[in-house]
Asks: 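This is the structure I want to talk about, given as structure tokens.
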Protein chains: 2
Amino acid sequence: MTAGGERVLVVDDDPPLQRMLARTLTAEGFSVAVAADGGAALAEAERSLPDVIVLDVAMPGMDGLAVCRRLRAKGMTTPVLMLTARDAVPDRVRGLQAGADDYLVKPFATEELIARIRALTRRGAPATERLQFADLSLDLSTRTATRGGRSIELSGRESALLELLLRDPRSVLTRERALEQVWDDAAVPNVVDRYVGRLRRKLGDPPLIHTVRGVGFMLRS
Amino acid sequence: MTAGGERVLVVDDDPPLQRMLARTLTAEGFSVAVAADGGAALAEAERSLPDVIVLDVAMPGMDGLAVCRRLRAKGMTTPVLMLTARDAVPDRVRGLQAGADDYLVKPFATEELIARIRALTRRGAPATERLQFADLSLDLSTRTATRGGRSIELSGRESALLELLLRDPRSVLTRERALEQVWDDAAVPNVVDRYVGRLRRKLGDPPLIHTVRGVGFMLRS
DNA sequence: AGGCGGTGTCAAGCTTCTTTCAGGCTTCGT
DNA sequence: ACGAAGCCTGAAAGAAGCTTGACACCGCCT
């Protein structure tokens with residue numbers, strides 16, 4: 001919305017489509033970066049922290065679903081718009097479950113693509129780098145938490161979980177939601193407890209992460 | 001699913017579809033309210049602050065687009081999922097421009113509806129459900145009561161029982177009703193007394209829970 | 001190869017919650 | 001004032017759920 005326009009990362013392995021998207025989006029005032037495969041996409045997403053990612057499902061190597069899961073696992077919540085050639089419902093569902101925020105079937109009208117990107121940037125948290133609560137803060141780009149001046153290195157999962165807690169302090173994070181957001185659906189629920197434990201130890205006293213028995217965990221002073 | 005499921009407002013003028021949606025969503029753990037036209041939808045949305053609104057585009061009187069615009073004009077940012085029978089792109093674009101967050105074309109797979117609702121509820125600020133009476137309030141999602149600024153952690157049963165009292169203050173809650181609502185039918189009636197006792201102790205003075213001898217208990221200042 | 005950090009699994013130990021019982025206490029009717 | 005009925009609460013057993021140490025596995029770097 002500001003002078004430079006929102007930054008969009010386009011991930012697609014098809015050069016003509018890349019060019020088309022880049023041109024269209026630029027013309028609409030977005031500033032566009034392009035990545036041609038999953039690995040490049042992850043690297044670029046972490047480096048430049050775009051406002052939206054437009055992600056093709058079908059790619060050689062790591063496909064769009066995997067890229068999206070990896071992003072979420074790293075704790076990135078950047079809105080993802082998934083592009084696919086297939087229209088079968090199970091695929092659409094899988095896309096959303098992988099953590100995508102929206103879904104568009106090829107071929108699409110460019111107007112619609114733009115409207116959807118706008119909808120995502122409008123509602124998405126503006127790619128905040130830093131989350132805070134009480135004397136705790138978390139820098140997502142470096143995965144470093146700070147508590148009372150002391151800085152604490154976190155692993156990917158630890159940071160993703162803490163982020164989830166920080167995005168909604170004083171409200172309960174259920175195991176289900178944590179599993180869904182931070183892990184791929186196949187993990188055993190206990191893994192959440194395990195990581196909560198690690199975070200508690202790392203974050204020190206007084207405790208900030210509270211258990212709500214039978215429900216989940218919560219951040220509160 | 002989760003203990004305090006997300007609240008969904010379904011707006012549709014077609015009773016069979018209403019029923020279908022209500023049943024499906026309830027089964028998935030959402031708590032569902034239904035409105036049959038635009039006016040009712042706006043009123044209900046303001047009253048109950050749902051977590052997501054599922055909105056049919058085609059309705060007599062005020063249509064879905066208008067409802068959505070009115071919501072946004074009032075400053076409500078509740079995520080809106082628009083339902084439509086038409087698949088033409090211009091309509092989809094108009095929906096998103098009216099401020100909808102997502103769009104689904106009828107007929108749709110219920111799985112997909114659910115996946116999309118989940119994707120939307122993941123972001124929105126969780127309008128927490130809060131019950132109040134006198135200087136006492138209760139947040140169901142965190143099971144925390146507040147009395148005169150002092151916050152009090154409650155266990156599952158304690159919170160459920162207090163909820164029941166708070167939903168109907170100044171009217172008598174019989175043991176039978178409490179057993180029926182909070183316990184499975186097999187418990188001995190004395191459990192209720194036991195829990196009333198605990199609540200009284202936790203909530204402190206002056207007492208709010210009064211005994212109505214031979215009948216049950218009541219909330220009153 | 002070997003070491004290392006990060007991750008996922010399991011099971012035992014521990015804490016907290018729930019329920020029951022029984023005896024003391026209060027209230028009500030006579 | 002007395003007895004009966006009903007209410008309240010301490011103690012303790014049992015259940016449910018959380019926490020944590022130990023360990024296996026993986027990918028990565030040396």
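Reminder, nothing fancy here: chain letters follow the sequence lines and each chain counts from 1. Owing to the predicted nature of the structure, the values given are computational and were not obtained by experimental measurement.
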Asks: May I ask you to decide whether A/Asp193 forms a salt bridge with A/Arg175, counting only side-chain N to carboxylate O separations under 4.0 Å?
Replies: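 Yes.
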
Asks: Could you state the interatomic distance from CD1 (B/Ile152) to CZ (B/Arg147), rounded to the nearest 0.5 Å?
Replies: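 With rounding to 0.5 Å, CD1 (B/Ile152) is 7.5 Å from CZ (B/Arg147).
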
Asks: Just to verify, what does A/Phe133 make a ring pair (Phe, Tyr, Trp, His ring centres under 6.0 Å) with, not counting sequence neighbours?
Replies: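 Residues passing ring pair (Phe, Tyr, Trp, His ring centres under 6.0 Å) with A/Phe133: none at all.
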
Asks: Name all residues meeting the ring pair (Phe, Tyr, Trp, His ring centres under 6.0 Å) criterion together with B/Phe217; count only those two or more places apart in sequence or in a different chain, and write none if there are none.
Replies: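 Partners of B/Phe217 under the ring pair (Phe, Tyr, Trp, His ring centres under 6.0 Å) test: none.
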
Asks: Can you list, in residue-number order, the parts of residues 150-163 of chain B that come under 4.0 Å of DNA chain C, counting heavy atoms only?
Replies: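 Residues of residues 150-163 of chain B that come under 4.0 Å of DNA chain C are, in numerical order, B/Ser155, B/Gly156, B/Arg157.
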
Asks: Between B/Glu44 and B/Arg47, is the closest basic N to carboxylate O distance under 4.0 Å?
Replies: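 Counted as a salt bridge, because a side-chain N and a carboxylate O are separated by less than 4.0 Å.
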
Asks: 5' to 3' on DNA chain C, which nucleotides open and close the contacts with chain A (atom under 4.0 Å from a heavy atom)?
Replies: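 Range of nucleotides touched by chain A: C/dG6 to C/dC17.
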
Asks: Where does the chain B footprint on DNA chain D start and end, counting 5' to 3' with a 4.0 Å heavy-atom cut-off?
Replies: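 The footprint of chain B covers D/dA5 to D/dA11.
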
Asks: Using the closest heavy atom to pick a nucleotide of DNA chain D for each, name whichever of A/Val212 or B/Arg213 lands nearer the 5' end.
Replies: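 Of the two residues, B/Arg213 wins.
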
Asks: When the nearest nucleotide of DNA chain C is assigned to A/Val188 and to B/Trp183 on a heavy-atom basis, which residue is associated with the more 5' position?
Replies: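 This one resolves to A/Val188.
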
Asks: Would you call B/Leu199 and B/Leu208 a side-chain contact if the rule is heavy atoms closer than 4.5 Å?
Replies: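 Contact flag for B/Leu199/B/Leu208 side chains = no.
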
Asks: Would you list the pairs meeting side chain to side chain donor-acceptor pair (under 3.5 Å) in which at least one residue belongs to residues 205-221 of chain A, sequence neighbours left out?
Replies: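 For residues 205-221 of chain A: A/Arg200-A/Thr211, A/Arg220-B/Glu153.
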
Asks: To the closest 0.5 Å, what do you measure between CG (B/Leu154) and CG (B/Leu162)?
Replies: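 Here the rounded value is 6.0 Å.
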
Asks: When all nucleic acid strands are considered with a 4.0 Å heavy-atom cut-off, which category describes A/Arg175: base, sugar-phosphate, or nothing?
Replies: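 Sugar-phosphate contact only.
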
Asks: If you assign A/Pro189 and A/Lys202 each to the DNA chain C nucleotide with the nearest heavy atom, which residue ends up on the more 5' nucleotide?
Replies: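 The 5'-side residue here is A/Lys202.
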
Asks: Is there side-chain contact between A/Trp183 and A/Val192, with heavy atoms separated by less than 4.5 Å?
Replies: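 A side-chain contact under 4.5 Å exists here.
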
Asks: Find the distance between CD (B/Glu28) and OG1 (B/Thr24) and round it off to the nearest 0.5 Å.
Replies: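 OG1 of B/Thr24 is found 8.0 Å from CD of B/Glu28.
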
